[in-house]
There are 2 protein chains.
Amino acid sequence: MSEAIGLTIQRLLRKIRFLGAVEDSFGQALSALCTDRAHFARGDLVIARGEPYRRIYLIEQGWALRYKLLGSGGRQITNYAIASDFLCFNAALFRHADHFVMARTELVAFTLPIRPFLQILNDKPEIALALAWANAQEEAVLAERLASLGRRNAKQRLSHLFCELWQRLDRLGLADSEGFELPLSQDELADTLGLSLVHVNRTLGELSRQGLLSFRHQRVTLHDVAGLERLAGFDAGYLRDQPGG
Amino acid sequence: MSEAIGLTIQRLLRKIRFLGAVEDSFGQALSALCTDRAHFARGDLVIARGEPYRRIYLIEQGWALRYKLLGSGGRQITNYAIASDFLCFNAALFRHADHFVMARTELVAFTLPIRPFLQILNDKPEIALALAWANAQEEAVLAERLASLGRRNAKQRLSHLFCELWQRLDRLGLADSEGFELPLSQDELADTLGLSLVHVNRTLGELSRQGLLSFRHQRVTLHDVAGLERLAGFDAGYLRDQPGG
DNA sequence: CGAGGAATTGAGTCCTCTCAACCAGCGTGG
DNA sequence: CCACGCTGGTTGAGAGGACTCAATTCCTCG
């Protein structure tokens, strides 16, 4: 089992790129906890708003969506979680979920019991720090998305999102030089970017006609990365900063 | 000095409401670090994007704004920091700031040297956990704001923001039953909520005409809290959940 | 009393939305 | 093997919330 989790841990390490010294104890400690896996089918809820947290998940493969439902019927997707991301990490800190998490594809995740997980954080501050770093980076992504919704138009939002995902997936070895697989519907893009489905559709069309990118059959192809980054005002700084303090 | 910091620590504790057992060691350890204060004048930059972090601040009084500047000239304010909030907390995790922090009022903050601060987190996991909790709550606020920018109209965004601030300030003893002081310009509200200055102005006018709230002379008065919450779809859940895991 | 920042108000524009069809792909069942 | 139904994508038309430009008023302070 500690072999099966190898790739996931490697990805996690690649993501957090922390001080080399940490890596060994990190992998060992986590592997020891990752004895069980959970499987979710496409569309399954991992947790619903208001439910008590039961465990923490570490995604091995698949995509999950975090979102909120508004009284007025709207949905705001706040996050995509993919391989090496944690789900319900807040279980370590809160009692109840304040958002929904849904499996967007078949999803396989290691399950970490909360108490022992807390114990590890307690015993090994290096690990806690590394995970704090990963969390902080997610928050940086959130803040950048806020800037998108607040101050960028539809074309820029879409371009920015794709630039960001490309970078992020590339780091995990899940992208290639042309683009990446994106198992989302236009509807979900809309609910991520604060746009309507119809407008996302039209805007994707425009971006495609301008030779910037195309999104068909769950695959994003970037035709002109420089152009996209210029249009979006994309600056990878918020994804790239090295840990240190 | 450890007496002067008393109120700030108390507020911090009130904010994080953590297990009683933590409080003593928490206050003592932090007080010991809070030997120096920094003063900023209205408008001063605490840190600029790209700059290396130098220290962590714990606000004693005043308001600070965290924001991003977009290439296209826009500004997105991501956060207001007030008494008992940390500034540049990321200094513990990153080398360079990915956003700006500006003092919006006269600002007084304790300065915490990074290394010793990290040492404390290292030595006292309870404290690290408590701060992680505070951080997670900030992230929840960010996510909720994302939902606002994505899926709420101008009236709802404003109402929601005010409901949230009222709650948050109340917890610190900085609000009263009528409302609270809000040292922001309409321009800054606009850059927080992804609206234009002009539209914020008109929308505030409407809310006022509807007898819901008024905002004049840096003070928000809530005339009809229930109505506001209904309009905004405000649900304090994301601010209220107790720690635990 | 003048100057500068902030708040207001008016007018016209446009980006994005909603409503509404219609089309395409695909898995299922008769 | 093909019709049916579902989900997701595409396109058209009209409406409206929010934007920009611009001018005016209100405060506050030196």
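All chains are named by letter (A, B, ...) in the order of the sequence lines, taking the proteins before the strands, and each is independently numbered beginning at 1. Basis for what follows: all heavy atoms, side chains included, without hydrogens, waters or symmetry-related copies.
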Which residues pass the salt bridge (charged side-chain N to carboxylate O under 4.0 Å, His left out) test with R151(B), sequence neighbours left out?
D191(A)

Mind checking what makes side-chain hydrogen bond (donor to acceptor under 3.5 Å, both in side chains) contact with N201(A), not counting sequence neighbours?
Q186(A)

Set of residues satisfying salt bridge (charged side-chain N to carboxylate O under 4.0 Å, His left out) with respect to D187(B), sequence neighbours excluded
R75(B)

Salt bridge (charged side-chain N to carboxylate O under 4.0 Å, His left out) against E181(B), all qualifying residues, sequence neighbours excluded:
R219(B)

State which residues pass ring-ring contact (aromatic ring centres under 6.0 Å, His included) with F89(A); sequence neighbours excluded, sorted by chain then number.
F86(A), F117(A)

Five pairs at each end of the helix from dC1(C)-dG30(D) to dG30(C)-dC1(D): take the axis at both ends and give me the angle between them to 10°.
30°

Residues in salt bridge (charged side-chain N to carboxylate O under 4.0 Å, His left out) with E164(A), at least two apart?
R145(A)

Where do N or O atoms of nucleotides 28-30 of chain D meet protein N or O atoms at under 3.5 Å, pair by pair?
none

Could you work out, with ring-ring contact (aromatic ring centres under 6.0 Å, His included) as the rule, every residue matching F162(B), not counting sequence neighbours?
none

Going 5' to 3' along nucleotides 16-21 of chain D, which nucleotides have protein heavy atoms under 4.0 Å from the base (write B), which only from the sugar-phosphate (write S), and which from neither (write -)?
--BSBB

What residue pairs, at least two apart or across chains, pass ring-ring contact (aromatic ring centres under 6.0 Å, His included) with a residue in residues 196-234 of chain B?
H160(B)-F234(B)

Using the test side-chain hydrogen bond (donor to acceptor under 3.5 Å, both in side chains), find all partners of D235(B) that sit at least two apart in sequence or belong to another chain.
R49(A)

